[in-house]
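First up is the structure itself, then whatever we jot down about it.
Heads up: numbering here begins at 1 and tracks the sequence.
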Amino acid sequence: MTPNDNDNPRSRRTETPLNRPQPIVESQDLFRGHNEILISHDGAIYRMKITRQGKLILNK
């Protein structure tokens with residue numbers, strides 16, 4: 001049996017209320033080899049980190 005694209009988490013898109021697919025951004029594209037990045041949002045700076053267990057933490 002061949003795997004179906006729908007079984008691949010990377011191929012999944014969640015639908016917004018307007019039925020538009022939400023884009024998926026790969027974390028490796030955001031972090032570019034770093035373990036921590038700063039994100040500016042609505043005038044505030046947020047820090048996103050990759051933990052030793054490979055999880056993401058977002059702090060204001």
Side-chain angles (χ1 to χ4, degrees):
M1 176 158 50
T2 359
N4 185 331
D5 282 342
N6 293 333
D7 294 335
N8 182 348
R10 287 184 171 191
S11 69
R12 292 188 183 146
R13 301 279 191 271
T14 56
E15 296 294 323
T16 63
L18 299 176
N19 293 327
R20 295 184 188 156
Q22 294 178 331
I24 295 177
V25 178
E26 294 291 333
S27 62
Q28 63 192 18
D29 294 337
L30 291 174
F31 286 91
R32 297 185 200 159
H34 297 276
N35 288 332
E36 183 175 298
I37 59 172
L38 299 178
I39 301 171
S40 173
H41 175 70
D42 201 23
I45 300 293
Y46 293 80
R47 180 181 315 257
M48 184 178 287
K49 296 172 78 172
I50 301 174
T51 68
R52 288 184 214 140
Q53 293 80 25
K55 297 182 181 185
L56 296 176
I57 295 180
L58 180 66
N59 292 318
K60 186 170 182 183

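Sequence neighbours left out, the pairs with a member in residues 34-47 that pass side-chain hydrogen bond (donor to acceptor under 3.5 Å, both in side chains) are Glu36-Arg47.
In the hydrophobic cluster analysis, where Ile, Leu, Val, Met, Phe, Trp and Tyr join through side-chain heavy atoms closer than 4.5 angstrom, Phe31 is grouped together with Leu58. The hydrophobic cluster containing Val25 also contains Ile39, counting ILVMFWY residues as joined when their side-chain heavy atoms lie under 4.5 angstrom apart, directly or transitively.
Rounded to the nearest 0.5 angstrom, Ile37 CD1 and Ile50 CD1 are separated by 8.0 Å.
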